[in-house]
Enquirer: 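Shown below is the structure under consideration.
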Amino acid sequence: MTRRLGWFLAGGLLVALLLAGVVSNFASSSPDGLDATAREGCTFNAEGEITGGTCIAQQEGSHQLADSPLADYGIRGIENSFLSTALAGAAGVLITFGIGAGLFRVARRRKQDA
Amino acid sequence: METTAMHIANGIVDGPVSAVFAVLAVAALAFCVRKARNDLDERLAPMAGLVAAFIFAVQMLNFQVLPGVSGHLLGGTLAVILVGPWVGALCVSTVLIVQCLLFADGGLTALGLNITNMALLGTAAGYLLVAGLLRVLPRNARGLAATAFIASVVSVVVASQGFVLEYALGGTTELSLPWVSGTLAGVHALIGIGEGLIAATTVATVARVRPDLVYALRRFRQPIVVGTKVNA
């Protein structure tokens, strides 16, 4: 890997960290297109529980890993929601980069060995 | 309600259909790994890690598309342009797997469904459009931006229709399919416009700074040579 590519990667990673760590706190908290469609046809109470009607979301089950320390893009135990989202986002970027770069490196090595 | 669920949750599509799509997704990803090996060189491997990390970051940025409805980038088209279709599909899958396992976003049972829609269908649609559009559009930052925009809009709508197919096969509530399909297509056309703007800005920026790192500029324009490759 050349030095110039290293700088490009570092710059790109910094942008991703800023987006996930800072800008993400200003993201819309409305349900996304799929979720909103899934909720259409039902009525909800203040806690977001379904109170009536027919909609796709009625069948929604809980996540097997809902107790993960990073569940729902926050770090469990950190009360400040800005900080919690920021750290979870930054951790996600670094973990994804690490896993991605690692896997693709292994895939490339295998090719050379073959 | 403060949950940030963005993908298909558990229970929306029944177990057998989810299992079928999980098998399909694993087979398709194994095929992508095989094809990706031909593409991965010393520049593309670290670039792919960055693309995955960038898509993870941008997927956190939900933008408002209608009152009470938001959307976020899926990333298939962006990945195709920067790292190619095979590595691109693997990048989006990496993001979905990390989100599912660490951030409890997108059900574990539904992982195959989410990978099929966003990493496979979305990326495939993006690839076909990018490959086609780059034959007619100029091979520069502007042409690439226009390509990214158009391909993103179509790719996001196609990905949303993947859910309609899965819901038709294994949906657990009785709702009219044309209604589900139309509602999803409409809202995802709007999300696609947002995704298109983000993807266009990103690829145009990379094309100006480091055009040599843009897969679509390096590979898609070369004539396809058939039958001359010696088997390694």
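Lettering of chains follows the sequences in order, A, B, ..., and the numbering in each one begins at 1. Quick caveat, the model's predicted, so the values are computed rather than measured.
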Enquirer: Can you tell which part of B:T109 gets under 4.5 Å to a heavy atom of chain A, answering side chain, backbone, both or neither?
Expert: both
Enquirer: With a 4.5 angstrom heavy-atom cut-off, which part of A:L19 approaches chain B: side chain, backbone, both or neither?
Expert: both
Enquirer: Please classify the contact of B:V13 with chain A as side chain, backbone, both or neither, using a heavy-atom distance under 4.5 Å.
Expert: neither
Enquirer: To the nearest 0.5 Å, what is the distance between NE2 (B:H188) and OG1 (A:T37)?
Expert: 7.0 Å
Enquirer: Counting only non-hydrogen atoms closer than 4.5 Å, does A:E49 touch chain B with its backbone (N, CA, C, O), its side chain (CB onward), both, or neither?
Expert: neither
Enquirer: Just by distance, with hydrogens left out, do A:E40 and B:T183 show a side-chain donor and acceptor under 3.5 Å apart?
Expert: no
Enquirer: Does any backbone or side-chain atom of A:Q64 lie under 4.5 Å from a heavy atom of chain B? Answer side chain, backbone, both or neither.
Expert: both
Enquirer: Checking A:A36 against chain B: side chain, backbone, both or neither under 4.5 Å from a heavy atom?
Expert: side chain
Enquirer: Examine whether an atom of A:A57 lies under 4.5 Å from a heavy atom of chain B, and if so say whether it belongs to the side chain, the backbone or both; otherwise answer neither.
Expert: backbone
Enquirer: B:C91 versus A:F104: any side-chain heavy-atom pair under 4.5 Å?
Expert: yes
Enquirer: Looking only at side-chain N and O atoms, does A:S28 offer a donor or acceptor that is under 3.5 Å from a partner on B:Q64?
Expert: yes
Enquirer: Do A:L13 and B:L50 touch side chain to side chain, with heavy atoms closer than 4.5 Å?
Expert: yes
Enquirer: Return the orientation label for the B:F103 and A:Y73 ring planes: parallel under 30°, perpendicular over 60°, tilted otherwise.
Expert: parallel
Enquirer: Please look at A:T85 and chain B and tell me whether the side chain, the backbone, both or neither of the residue comes under 4.5 angstrom of a heavy atom of that chain.
Expert: both
Enquirer: When rounded to the nearest 0.5 angstrom, what distance separates CD1 in A:I99 from CG in B:L102?
Expert: 6.5 Å
Enquirer: B:L213 versus chain A, heavy atoms under 4.5 Å apart: side chain, backbone, both or neither?
Expert: side chain
Enquirer: Does A:V93 form a side chain to side chain contact (heavy atoms under 4.5 Å, CB included) with B:F54? I'd like the steps, not just the answer.
Expert: CA-CA 7 Å; A:V93 165; B:F54 187 80; over 6 Å; no
Enquirer: Taking side chain as everything from C-beta outward and backbone as N, CA, C, O, which of these in B:L66 sits under 4.5 Å from a heavy atom of chain A? Side chain, backbone, both or neither.
Expert: neither
